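So the structure is just underneath, and the comments pick up after that.
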Amino acid sequence: MSGDVCIVGGGLAGAALAARLGSRATLLEREAGPHDKVCGEFLSREAVLHLRALAVDPLALGGHPIGRVRLATGRAQAEVALPFEGVGLSRRLLDEVLLRRAASSGARIQRGQAVTALLATGPVQMLRLQDGRALRAAQTVLATGKHDVRGWRRGRGRQNDLVGFKLHLRPAPSEHAALDGVVELMLFRGGYAGLQRIEAGQATLCLLIRRQRLVELGGRWSAVLAAACEDAPLLARRLAEAEILHRRPLSIAGIPYGYVAPADSAVWRLGDQSAVIPSFTGDGMSIALHSAALAATLLGRGARPDALQAAMCRDVGIRVVAATMLSLCGVRRPLQPLAVLAARLLPVLVAELAAATRVPDRALQAALAAHGRRPGLCPGPAGAAGPRPLS
Ligand SMILES: Cc1cc2nc3c(=O)[nH]c(=O)nc-3n(C[C@H](O)[C@H](O)[C@H](O)COP(=O)(O)OP(=O)(O)OC[C@H]3O[C@@H](n4cnc5c(N)ncnc54)[C@H](O)[C@@H]3O)c2cc1C
C-alpha cells in the first residue's frame, strides 16, 4: 500500500481529503464508476467555496446558480432571497470530478473496492476487502456516508424515521423557466420535496417522507408522489409534463438526522459518518467538505481522530441539532402552513434560520486558511432578488 492513510468511501468527504493528502492517501470506493446518489444536489455557498479551494468550480461544470427559495404548501407560496448563493449540480458529475482531482494530486484511487471489515485496535489497522484481500494502514478514515462498515455502526440520530427518494427529470419549457435561480421546497403531509435545476437542462427532485406515512400509502412511489402532488399543487404543475429520467427513484431509509459522532480515538470519521444534518438545509455536502479540510490539517499535525470530532462538535454540532428540531416541526402537517406564512411575513427569519443552520464563516475561513488559501467570501445579498455569479 502506498501512503499511510486509507480512506474508505469516495464521496465528497473522502475524495476531498484524498485530494488534500495527495500521495499520503489510498482511497477505496465500492462503486466501479460514476453513479447517482440520494441527494438534493443543492450546493451551499460554503460547499462551493470548499470546492473552489480544491480547484473544482461547480458553475464551470455547468451547475445552475440559485439565489432564492420558494416555499409552498397547499395553495400558499412564499419566495425569499437566500442569504447566500448556491449551485445545483448532480452528484454523478461532481463526485467524479472530485475523484479525478484526488487522483491528479497523487492519491491512489481504487474503484470497485468495498471494505467489508475493519480491525482497528493497535497501531496498524487491518481492512478487509470484498475480494478477500486485506490491507494495512496507519490511519483509517471512514467516509462511507450513509453506509456503515460492519462493526462501526453509527448511533441513532434525533430524527430517524424519514425515507428519502431522488430522481432526475427534464421539466417542460415553461416550468424550466419558472425554476430559474430558485430552489423549491414543497411541504406535504409527513414530508417535503425539494426541486431545483442542475446542469444540462435537468432538474433534481428529492423527497423525504415519514416511514409511517409511507406505510399508509402502501409503500408505493406512485402513491407517495400522488399524495405529495395533492398537498402541494405546485409540485403537480412542475411534474405534469416533465420527462422523468429514471425508471424508478433511488431511495434510502434509516438516515440518522441530528447525529453527531462522539469522540473516537480509533478511526477518523468524515462527512455523514461524522454529522448528519437534515436535508432541507442543503448543507450536508458543505459539512462533508468541511470535515475533510479539518481532517487534512489534523492529520498533517499528527493529531488523533478525536481531535477532529471535537472540532466538528464545535463547528457544526449545535447547528445540526437546531436544524433537526426544525425538521421535526416541518414534517407535521398542522405546522406547515405556518412555515409559509412566516416566510411571507418575516422573510428575514428564513434568512436567519438559513444562516443559523450552516457552517459559520469564521470556521469556514479557518478551515480554508489552514491550507494556505483565503477564501473570497461573498456575503450573500440578503434581500437581493436573484442569483449572481459567486465571487
Ligand atoms: C434525501 C437527501 C437529500 C440531501 N440533499 C442535500 C442537498 O441538497 N445538499 C447538501 O449539501 N446535502 C444534501 N444531502 C446530504 C449529502 O448528500 C451528504 O451529507 C453527503 O453526501 C455526505 O458526503 P459523504 O462523502 O460523507 O458521503 P457520500 O456522498 O454518501 O459518499 C460515501 C461513499 O462511500 C462509498 N462507500 C460506502 N460504503 C463503502 C464501503 N464499505 N467500502 C467502500 N466504499 C464505500 C459509497 O459508494 C459512496 O460513494 C442530502 C441527503 C439526503 C439523504
Side-chain angles (χ1 to χ4, degrees), residues 6-18 27-48 50-51 58 66 86-92 94-96 98-99 110-118 127-130 140-152 154 162-167 183 185 191-196 198 204-209 249-257 259 269-292 316 320 323 327 357-359:
C6 190
I7 302 169
V8 188
L12 291 190
L17 179 62
L27 183 150
L28 304 159
E29 165 56 46
R30 68 179 184 180
E31 299 284 344
H35 55 285
D36 288 309
K37 280 187 173 154
V38 182
C39 180
E41 307 190 324
F42 173 87
L43 285 161
S44 68
R45 161 181 161 275
E46 295 77 15
V48 172
H50 271 296
L51 289 167
I66 294 172
V87 179
L89 186 72
S90 73
R91 294 295 301 272
R92 170 179 278 270
L94 178 60
D95 287 33
E96 218 42 41
L98 206 51
L99 277 174
Q110 298 189 12
R111 306 291 296 262
Q113 293 286 2
V115 171
T116 53
L118 164 64
L127 294 105
R128 187 154 302 281
L129 306 188
Q130 203 165 26
T140 305
V141 180
L142 288 180
T144 51
K146 298 143 194 97
H147 311 277
D148 293 329
V149 170
R150 203 177 334 132
W152 296 88
R154 287 167 303 175
L162 291 179
V163 180
F165 294 92
K166 175 261 186 80
L167 51 75
V183 54
L185 210 49
Y192 57 89
L195 182 66
Q196 63 171 43
I198 52 168
T204 303
L205 173 67
C206 195
L207 182 151
L208 283 146
I209 186 165
L250 293 175
S251 63
I252 188 153
I255 312 160
Y257 287 123
Y259 173 76
R269 288 185 186 266
L270 297 190
D272 280 358
Q273 284 290 313
S274 170
V276 186
I277 196 161
S279 309
F280 79 90
T281 61
D283 213 36
M285 290 191 274
S286 140
I287 289 177
L289 293 163
H290 190 70
S291 67
V316 303
V320 169
S327 178
T357 52
R358 22 200 21 89
V359 177

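Ligands are counted one by one from 1 in listed order, and the atoms in each one are counted from 1 as well. Owing to the predicted nature of the structure, the values given are computational and were not obtained by experimental measurement.
Residue His35 approaches ligand 1 through these ligand atoms, each under 4.0 Å from one of its heavy atoms: 49 (O). Residue contact check: Asp283 has heavy atoms under 4.0 Å from atoms 10 (C), 11 (O) of ligand 1. Ligand 1 places these atoms under 4.0 Å from at least one heavy atom of Lys146: 17 (O), 21 (O), 30 (O), 53 (C). Contact atoms of ligand 1 toward Glu31: 47 (O) (distance under 4.0 Å to a heavy atom of the residue). Taking every heavy atom of Tyr257 and a limit of under 4.0 angstrom, the matching atoms of ligand 1 come to 52 (C), 53 (C). Under a 4.0 Å criterion applied to the non-hydrogen atoms of Phe42, ligand 1 contributes the atoms 7 (C), 8 (O), 9 (N), 10 (C), 11 (O). In summary, the atoms of ligand 1 found under 4.0 Å from a heavy atom of Ala114, numbered by their order in the structure, are 42 (N), 43 (C). The contact set between ligand 1 and Gly282, taken as ligand atoms under 4.0 Å from a residue heavy atom, comprises 7 (C), 9 (N), 10 (C), 11 (O).
With Arg269, Lys166, Arg91 as candidates, the residue nearest to atom 20 (C) of ligand 1 on a non-hydrogen basis is Arg91. The closest non-hydrogen atom to atom 25 (O) of ligand 1, taken over Ser251, Ala13, Ser291, Gly112, comes from Ala13. Looking at Thr144, Leu162, Leu289 and measuring to atom 38 (N) of ligand 1, the nearest heavy atom belongs to Thr144.
Here the protein heavy atom with the shortest distance to atom 2 (C) of ligand 1 is Ser279 OG, 3.2 Å. In this structure, the protein non-hydrogen atom closest to atom 4 (C) of ligand 1 is Gly40 N, 3.2 Å. Ranking the protein heavy atoms by distance from atom 27 (O) of ligand 1 puts Gly145 CA, 3.1 Å first. Of all protein heavy atoms, the one closest to atom 15 (C) of ligand 1 is Gly284 CA, 3.9 Å. Among all non-hydrogen protein atoms, the one lying nearest atom 41 (N) of ligand 1 is Val115 O, 2.9 Å. Remark: minimum distance from atom 11 (O) of ligand 1 to any protein heavy atom is reached at Met285 N, 2.8 Å. Looking from atom 13 (C) of ligand 1 to the surrounding protein, the closest heavy atom is Cys39 SG, 3.6 Å.
Taking only nitrogen or oxygen atoms, main chain and side chain alike, Asp272 reaches within less than 3.5 Å of ligand 1. Among the atoms of Arg30, some N or O lies under 3.5 angstrom from an N or O of ligand 1. In terms of polar-atom proximity, defined here as any N/O pair under 3.5 Å, Leu12 does make such a contact with ligand 1. Ligand 1 has a nitrogen or oxygen under 3.5 angstrom from a nitrogen or oxygen of Lys37. The distance criterion of under 3.5 Å between nitrogen or oxygen atoms is met by Glu29 with respect to ligand 1. Close N/O approach between Gly164 and ligand 1 is not found [any backbone or side-chain N/O within under 3.5 Å].
Side-chain contact check for Glu46 and Ser286: no donor-acceptor pair (N or O, by modelled atom type) lies under 3.5 Å.
Contact check on Arg92 versus Glu31 returns no salt bridge, with no Lys/Arg side-chain nitrogen under 4.0 Å from an Asp/Glu carboxylate oxygen.
Counting heavy atoms under 4.0 Å from ligand 1, residue Ala143 touches it through the backbone alone. Here Ala288 has side-chain heavy atoms under 4.0 Å from ligand 1, and that is the only part of it that gets that close.
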